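Data first, discussion second: the structure below is written as structure tokens.
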Amino acid sequence: MTGYVARRVLQGLGAVLCVVTVTFVLTYIVPVNPAQMIAGPSATPDVVASIGHQLGLDQPLPVRYVRYLWGLAHLDLGRSYAQRTQVGALVASHLPVTLKLMLTGIACELLIGIPIGILSSVAPGSWWDRVLTLVAFIGVSTPQFVVGLVLIYLLAYLLPWFPLGGYGNGDLGHYVLPALSVGFAGAGWYARVLRSSLVEVLRQDYVRTARAKGVRPRSQVFRHALRNAMLPVIALVGLDLGVFMGGVIVVEQVFALPGLGQMMWQAIQVLDIPVIMGGVLVTAIFVVIGNLLADLIYPFLDPRIQYR
Amino acid sequence: MLGLVLVVLVVGAAALAPVLAPFDPNRQFNDGLSAYGMPRPPDPTYLLGTDLLGRDLLSRILFGARISLVIGLVANGVAVAIGAVVGVVAGYFRGWLGTLLMRFTDVMTAFPALVLAIALAAILRPSLWIVALVIALVNWVYVARAIYAQVLAIREQPYIEATAALGIPTFGVLLRHVVPQLTLSLLVFATLGISTSVLLEASLSYLGVGVQPPTPSWGGIINASQSYLTTAPWLVLFPGLAIIVTSVGFNLFGEALRDALDVGGQR
């Protein structure tokens with residue numbers, strides 16, 4: 001088990017390194033000079049060159065790459081071009097907002113998706129199964145910003161229950177609508193995955209035995225079948241961390257939440273490469289951790305699975 | 001069935017936009033704004049109301065369908081093509097080339113897709129084709145993985161061994177004996193993926209790094225009018241519905257196709 005975890009952590013670090021490398025190459029081959037962006041369109045070539053020298057942009061690409069990795073190894077993400085701060089400090093100040101949004105958002109996905117999945121699987125083909133399946137389809141087919149704007153109109157404007165956006169003093173009320181926007185779209189995936197796996201499990205012999213010996217229907221589902229059917233759902237939570245980080249720019253933009261998404265969005269606007277790199281790095285780490293956690297939770301749910 | 005109806009509806013709207021649209025989508029009407037300079041709510045002349053510049057919203061949504069579908073089809077077509085080539089090459093030749101290709105695919109899945117798309121689109125000055133290309137670069141990985149798994153299974157079949165015994169060149173084997181086996185899966189991907197591409201285009205345009213105004217695109221309409229959400233909610237509601245209908249349509253149609261053709265291609 002320990003050996004397995006160590007191997008997976010190493011593989012994860014390798015994946016993160018690859019993502020950093022790809023981003024590094026992508027952001028540095030773009031046909032825009034960051035020094036020119038900072039100096040402004042009317043700056044003289046001398047000024048642009050001196051800013052470029054200050055930032056180390058006049059060094060060849062491999063040198064900059066090695067320097068960046070050397071910094072990373074010392075937990076130094078570099079300095080922002082646009083703001084005179086350390087990227088590490090920027091990430092640290094934006095991370096809590098995104099983490100809260102992630103936890104509440106994924107909680108919403110599960111709270112909406114799992115009941116839908118269970119309800120539609122107990123009687124496959126029934127009218128409510130068809131209605132719920134369509135609801136799940138609409139969920140996965142609706143962009144988060146549309147859900148978000150509709151929620152703002154309904155629950156912040158028509159019924160002023162929640163703030164229109166922003167962060168305020170950071171209380172949970174500011175996260176309800178963003179979390180629901182994340183939750184509605186994601187719930188569709190969970191509902192569909194859980195439905196197909198639960199339908200499969202409910203057909204198995206041991207569930208039929210339970211039924212034959214008179215176990216109540218509710219108990220058949222919750223005590224016997226659900227635990228086996230949850231495995232693909234757990235795997236999906238692992239993948240979902242990555243999907244969530246992909247959508248976080250849009251959701252934070254809709255609700256003006258000052259998280260990592262806003263940080264990356266503002267950095268992209270002014271081509272603040274170290275900050276973009278920092279955001280991508282954190283995102284990749286989330287993806288790797290998500291997959292790792294999913295794999296580590298499996299044996300607890302299903303003792304038949306063992307890692308060596 | 002519902003999926004087919006929705007797909008026909010959207011494709012029909014896009015194809016017949018010049019006939020169906022009551023007005024020129026880019027024309028600003030003198031009476032298109034109220035006396036206070038606000039967009040007009042739906043009425044008998046402007047069926048879905050007008051936008052911030054006094055243009056007919058229905059016409060803009062109908063022409064927006066063309067943009068959405070063109071990008072969806074082109075982006076997803078390119079994505080399926082890249083994914084198929086990578087999957088077939090990696091699955092058939094395996095070895096170091098296959099490992100390299102699939103490792104690269106894995107890394108791309110750990111990549112925050114939207115961040116990549118936004119960064120590329122923001123840097124490359126978005127045009128219709130750039131947006132389509134960016135979406136394709138993000139979406140091909142899912143196709144590549146599924147095709148890779150299928151090709152691994154196909155290449156173990158006896159008839160592939162037989163082609164080697166017969167001395168058929170590798171390229172011929174791939175083209176005439178491997179790829180035809182994948183046609184149905186690729187067809188399903190080509191349908192299901194349109195939905196993903198349409199959603200991604202909408203998100204990019206919503207952020208302002210997708211299709212640029214005055215070209216009507218659904219995400220772009222919402223981007224321009226979201227600050228008027230409370231006074232002109234129809235400007236967000238109707239384009240939003242258009243996105244949902246298109247995406248649900250292709251999703252349902254693709255799933256139905258997959259069930260009918262009995263090919264397992266999980267996303």
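Source: prediction; values computed, not measured. The figures that follow rest on heavy atoms only: side chains count, while hydrogens, waters and symmetry mates do not. In the text below, chain A, chain B and the rest are named by the order of the sequence lines, each starting its count at 1.
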> With side chains defined as the heavy atoms from C-beta onward, is the minimum distance between A:W265 and B:L207 less than 4.5 Å?
Replying inline: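 Yes, side chains in contact.
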>> Counting C-beta onward and ignoring hydrogens, is there a side-chain heavy-atom pair between A:I268 and B:V209 closer than 4.5 Å?
In response: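 No; the side chains remain at least 4.5 Å from each other.
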>> If the contact rule is any heavy atom under 4.5 Å from chain B, which residues of residues 140-152 of chain A qualify, in numerical order?
In response: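 Those residues of residues 140-152 of chain A which have a heavy atom under 4.5 Å from chain B are A:V140, A:S141, A:T142, A:P143, A:F145, A:V146, A:L149, A:I152.
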> Taking every heavy-atom pair that is under 4.5 Å apart, which of B:S195, B:P239, B:P233 has the most such pairs with chain A?
Replying inline: B:P233
> Quick one: of B:I243, B:L237, B:V245, B:I244, who has the most non-hydrogen atom pairs under 4.5 Å with chain A?
Replying inline: B:I244
> Between A:V254 and chain B, which part of the residue has a heavy atom less than 4.5 Å away: side chain, backbone, both or neither?
Replying inline: both
> Is chain A contacted by the side chain of B:L241, its backbone, both, or neither, given a heavy-atom distance below 4.5 Å?
Replying inline: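 Neither; nothing under 4.5 Å.
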>> Please determine whether the number of non-hydrogen atoms from other residues, nucleotides or ligands lying under 6.0 Å from atom OH of B:Y228 exceeds 12.
In response: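 No, not enclosed.
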> Does atom CD of A:Q11 have more than 12 heavy-atom neighbours, drawn from other residues, nucleotides or ligands, at distances under 6.0 Å?
Replying inline: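 Yes, CD of A:Q11 has more than 12 neighbouring heavy atoms, counting only those of other groups under 6.0 Å.
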>> So if I take each residue of residues 246-256 of chain B and look for any heavy atom under 4.5 Å from a heavy atom in chain A, which residues do I end up with?
In response: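 B:S247, B:V248, B:N251, B:L252, B:E255, listed by number.
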>> According to salt bridge (charged side-chain N to carboxylate O under 4.0 Å, His left out), who are the partners of B:R145, at least two apart in sequence or on a separate chain?
In response: B:D106
>> Going by the rule ring pair (Phe, Tyr, Trp, His ring centres under 6.0 Å), which residues pair with B:F63 if we only count those two or more places apart in sequence or in a different chain?
In response: none
